[in-house]
Each structure stands twice: as C-alpha cells, then as structure tokens.
Participant: 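Dropping the structure in here first, questions after.
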Amino acid sequence: MKPLMLALALAACIPVAAVAQTPQASEALTEHQIRTRLAEQGYTKVNDLKFGDGVWHADARSGDGNRVQVRLDPRTGTVYPNEQVARMSERDVRAALAAAGYTNVHDVDYEDGIWNAEADSPTGKDVEVKIDPNTGKVIGTEKD
C-alpha cells in the first residue's frame, strides 16, 4: 500500500480521541488497577511499577516464567511486553502519526514492545510519542 493511501486509510480509522495527549489524573488507571490488569493477564512478581514517558512501566514475570519489561497504556491497561514483535513498519508508524496531525516526525524507533517517536503534536508542542505497535494509535505523550 502506498504511504499516502495508508495515511488516508488510517486517518479514517483513528478517532480524534486516539490522538489525545497524556491522560488527566482522572482518566488514567491507578497503580492498583494496573497491577490488577497485569495479574489478570498472567503476570506475576511485578516490580518497579512507575508512570513515566506517558505510559506505565514495570518489570514482571510472564505466564511462562520469563522476566520481561512491560509498558502499559495508561487509559486501557493494554500490556506491551518488551519482546513483542511489531506488526507495523516505521513507514506505517510515520503515516499513522501524520494522519493523526503530528508533524516533524523523527527519531522513530521500536523499543521495549512499543514504537517511540519525537514529533510536533497537532497543537504544535514538541513531544515524545508512544505508539501501539499493532494499530498505530498514540498511547502516550510527554513533553520533549
């Protein structure tokens, strides 16, 4: 699929709410809720749980007993383990960000189970963006 066609297709699929900035305290899941989401998905021995870079971070043991680092969407609790394989390419991520109104996208890389990029937000702020590796949805932002 050509980049422009992909950007237009993604723009039609990404709701405006999907490009929102880091959630307000009232919108973000609490530490207890995040721990519960991890336990529900089979993660144990959760350590170093903290919020930073627009997402929750933790070290844990996966269901198969392996030690993993995870990132979590602060609104939904979706877990992104560091060994997850990205389904989107860098080009797809850039197209999704452009369709969501981000400009000057650079330093795009896949690390710890999620895509990261630096860009200017739709409101013109210089931000670091965390992106879902399967959908291209912005899951967190932080001032750069």
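We're numbering straight along the sequence, starting at 1. For the numbers below, each heavy atom of this structure counts, side chains included, while hydrogens, waters and symmetry mates do not.
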Participant: Measuring from atom OG1 of Thr141 to atom CG of Asp126, what distance do you get when rounded to the nearest 0.5 angstrom?
Facilitator: 11.5 Å
Participant: Could you check whether Tyr80 and Asp73, counting side-chain N and O atoms only, form a donor-acceptor pair closer than 3.5 Å?
Facilitator: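 Asp73 vs Tyr80: no donor-acceptor pair found between side chains.
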Participant: So do Leu97 and Val138 actually touch side chain to side chain, heavy atoms under 4.5 Å?
Facilitator: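 Yes, at least one pair of side-chain atoms sits under 4.5 Å.
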Participant: Can you sort out the partners of Tyr110 under ring-ring contact (aromatic ring centres under 6.0 Å, His included), two or more places apart, ordered by chain and number?
Facilitator: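 Per chain and number, Tyr110 pairs via ring-ring contact (aromatic ring centres under 6.0 Å, His included) with Trp115.
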Participant: Of Asn82, Asn116, Asp112, which is the lone residue that meets side-chain hydrogen bond (donor to acceptor under 3.5 Å, both in side chains) with Arg71?
Facilitator: Asp112
Participant: To the nearest 0.5 angstrom, please state how far the CZ atom of Arg35 sits from the CG atom of Leu72.
Facilitator: 11.0 Å
Participant: State, to 0.1 Å, how close Pro133 and Gly113 come at their nearest heavy-atom pair, and which atoms those are.
Facilitator: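 Nearest pair, atom of Pro133 first, then Gly113: CG-O, 3.3 Å.
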Participant: Before giving the answer on side chain to side chain contact (heavy atoms under 4.5 Å, CB included), spell out for Phe51 and Ile34 the whole-Å C-alpha distance, their side-chain angles and the decisive distance to 0.1 Å.
Facilitator: CA-CA 10 Å; Phe51 186 83; Ile34 291 295; over 6 Å; no
Participant: What do the steps show when you test Glu118 against Val105 for side chain to side chain contact (heavy atoms under 4.5 Å, CB included), and what is the final call?
Facilitator: CA-CA 6 Å; Glu118 294 186 22; Val105 176; over 6 Å; no
Participant: Which heavy-atom pair separates Met88 from Thr135 by the least distance, and what is that distance?
Facilitator: SD-C, 3.6 Å
Participant: In Å and rounded to the nearest 0.5 Å, what is the OG1 to OH distance from Thr123 to Tyr102?
Facilitator: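 Reported value, rounded in 0.5 Å steps: 8.0 Å.
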Participant: From Gln69 CD over to His57 NE2, what is the distance, rounded to the nearest 0.5 angstrom?
Facilitator: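 Atom-to-atom, Gln69:CD and His57:NE2 are 10.0 Å apart.
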Participant: Do Gln33 and Thr36 meet the criterion of a side-chain donor-acceptor pair at a distance under 3.5 Å?
Facilitator: no
Participant: Kindly indicate whether the side chain of Ile131, heavy atoms from C-beta on, has any atom under 4.5 Å from the side chain of Lys137.
Facilitator: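 In short, these two side chains do not touch, never coming nearer than 4.5 Å.
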Participant: Do you know which two heavy atoms are closest between Pro74 and Gly54, and how far apart they sit?
Facilitator: CG-O, 3.4 Å
Participant: What's the spacing between Arg61 CZ and Lys45 NZ if we round to 0.5 Å?
Facilitator: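 Taking CZ in Arg61 and NZ in Lys45, the distance rounds to 5.5 Å.
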Participant: Please check if the side chain of Arg37 supplies one atom and the backbone of Thr76 the other of a donor-acceptor pair under 3.5 Å.
Facilitator: yes
Participant: If I compare all heavy atoms of Ala100 with all of Pro122, which pair ends up nearest, and what's the gap?
Facilitator: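 Result for this residue pair: O-CG, 3.4 Å.
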Participant: Could you pull out the closest heavy-atom pair between Asn47 and Arg67, with the gap in Å?
Facilitator: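 In this case the closest contact between Asn47 and Arg67 is ND2-NH2, 3.4 Å.
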Participant: Of all the heavy-atom pairs spanning Ala58 and Leu38, show the shortest one and how long it is.
Facilitator: CB-CD1, 4.5 Å
Participant: Around atom NE2 of His106, are there more than 12 heavy atoms from other residues, nucleotides or ligands closer than 6.0 Å?
Facilitator: yes
Participant: Tell me, do Val70 and Trp56 make a side-chain contact under 4.5 Å, heavy atoms counted?
Facilitator: no
Participant: If you measure from NZ on Lys50 to CG on Asp53, what distance do you get to the nearest 0.5 Å?
Facilitator: 9.5 Å
Participant: More than 12 heavy atoms of other residues, nucleotides or ligands under 6.0 Å from CZ of Arg87: is that the case?
Facilitator: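 No, not enclosed.
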